[in-house]
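The next block holds one structure in the form of structure tokens; read it before the comments.
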Number of protein chains: 2
Amino acid sequence: MDSLALAATASTPDGNPARRRILDFATERAHRLGVDGITIGTLAADLGMSKSGLFAHFGSKVALQAAIVSHATDEFLRKVAEPALSQPRGRSRLNTLLDAWLRYAEQPGGCFFLGACAELDGRSGAIRDQVGEFAEWWLGVLQEEIEAAVSQGELAPDVSPPELAFELHAFVMQANAGFQMFGDPAWLAHARKAIARRLNGVLPPAATVE
Amino acid sequence: MDSLALAATASTPDGNPARRRILDFATERAHRLGVDGITIGTLAADLGMSKSGLFAHFGSKVALQAAIVSHATDEFLRKVAEPALSQPRGRSRLNTLLDAWLRYAEQPGGCFFLGACAELDGRSGAIRDQVGEFAEWWLGVLQEEIEAAVSQGELAPDVSPPELAFELHAFVMQANAGFQMFGDPAWLAHARKAIARRLNGVLPPAATVE
DNA sequence: CCTACCGATCGGTAGG
DNA sequence: CCTACCGATCGGTAGG
């Protein structure tokens, strides 16, 4: 299965320009203050429009939050998933994904979903589930590419895809957290080095040239 | 330097029982809803006391938040740091710390500071700085034990303590995030396996028995 | 998209 | 620790 291509091609960006402008602004704010940190009133004021004018686009706060998460999903697909679609499956695509993800995490606010997962994991409701489904999808994507790499002989046959996906995901998550908290690009360098070392340690027997 | 012992012995738990009861309750809530997700009104109501009665203990909301972070620090020291103090420095203490940290992350809400870091990293102010200082201290502790292990010949001399600390921290963080979001203990098992594999890969030359 | 408004809740204060 | 209160803001509605 190619979960990456499935999701990336299904992405339909917002057609309504006013709605889009609101969501661009609101998603940036949710990035910084959390999905639950936005309020309709201050959002409207900072966008120079009335509260009810903004409200009319969504109908409820939770619907606005759902739209923000969808908007962030589109952004993730565009910035992280799409650049990797042109790569052959397996190690090439995996490396491209991890690289694009790290560059996305390097932006102000970092990776939207790493923040949203930490914010919402202890709660319940539609927004939490929406973010959880994204996280599950994304881990599945990484795992699929590892599986492809193994079956294509690019990685050692005894590699455990869930475990390797766990570790690679961990490195990017840690880079995101550290860089956002301390602002030091060394965190990104650590992740790149850790990813390279981990993947070099599971090259297939034939390719293990010493 | 022994940053762990320094912090653990400096910990002075709260003497005021009423204040302590409030902070126990408030810290659990901040754990789940975020440090910025608590409000004085609902907190007081759920504790069965008046808003101003609770307020009088702290003087301001930000002071309450600071007290919550301090309370969470005490809890972390008690649950994670203290059990490792009796262990000899180096690999023993490092392993004990990682094990205690994982057990702490397994509790409802997970690790308070991993959540708080993700929540506050994009902001500014005293609370964010307080959490950031804790994160810096904790990473320093892990790094110090790695350094001790290297200098005692328990780990290979070419190990980079910052990079190894980054990776071990990443594994626990990922276990915390995954377990809190999905509730599957496999996330903890992945982390334990990843930590063991990583440390086994950097045994000193003499101990590398094949 | 707007003005005008609703009841509820926010952090905080006065006074005891 | 309490009651009573402050102005501001919350999500949401009525009516246009």
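Sequence lines set the chain letters: A, B, ... in the order given, protein chains first and strands last, and positions in each chain run from 1.
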When A/Ser50 and B/Ile38 are each assigned the nearest nucleotide of DNA chain C, the 5'-most assignment goes to A/Ser50

Residues, nucleotides or ligands: over 12 heavy atoms within 6.0 Å of A/Lys193 NZ:
no

I need the [atom1]-[atom2] distance between [X] and [N], as an integer number of Å.
{"X": "A/Ile127", "N": "D/dG11", "atom1": "CD1", "atom2": "P", "result": "14 Å"}
{"X": "A/Arg19", "N": "C/dC1", "atom1": "CZ", "atom2": "C1'", "result": "15 Å"}
{"X": "A/Lys61", "N": "D/dG12", "atom1": "NZ", "atom2": "C1'", "result": "12 Å"}
{"X": "B/Leu54", "N": "C/dG12", "atom1": "CG", "atom2": "P", "result": "12 Å"}
{"X": "B/Phe55", "N": "D/dC5", "atom1": "CZ", "atom2": "C1'", "result": "14 Å"}
{"X": "A/Asp36", "N": "C/dT9", "atom1": "CG", "atom2": "P", "result": "16 Å"}
{"X": "B/Leu43", "N": "C/dT9", "atom1": "CG", "atom2": "P", "result": "15 Å"}
{"X": "B/Gln65", "N": "C/dC10", "atom1": "CD", "atom2": "P", "result": "14 Å"}

- Is it true that B/Tyr104 and B/Trp101 have ring centroids separated by less than 6.0 Å? no

Among [options], which nucleotide sits nearest the side chain of [X]?
{"X": "A/His57", "options": "C/dC1, D/dC1, D/dG12", "answer": "C/dC1"}
{"X": "A/Lys51", "options": "D/dG12, D/dC1, C/dG12", "answer": "D/dG12"}
{"X": "B/Thr42", "options": "C/dC1, C/dC10, C/dG12", "answer": "C/dC10"}

Mind checking whether B/Val202 and B/Asp158 have side chains closer than 4.5 Å, heavy atoms only?
-> no

Return the orientation label for the B/His190 and B/Trp187 ring planes: parallel under 30°, perpendicular over 60°, tilted otherwise. perpendicular

* Asked: A/Thr39 side chain N/O closer than 4.0 Å to the phosphate oxygens (OP1, OP2) of D/dC10?
  -> yes

Next on the checklist: C/dC2, OP1 or OP2 - any side-chain N/O from A/Ser52 closer than 4.0 Å?
Outcome noted: no

Paired to C/dG15 by Watson-Crick or G-U wobble criteria (both distances under 3.5 Å) is D/dC2

| query | Is it true that A/Arg91 and A/Glu145 have a side-chain N and a carboxylate O under 4.0 angstrom from each other? | reply | no

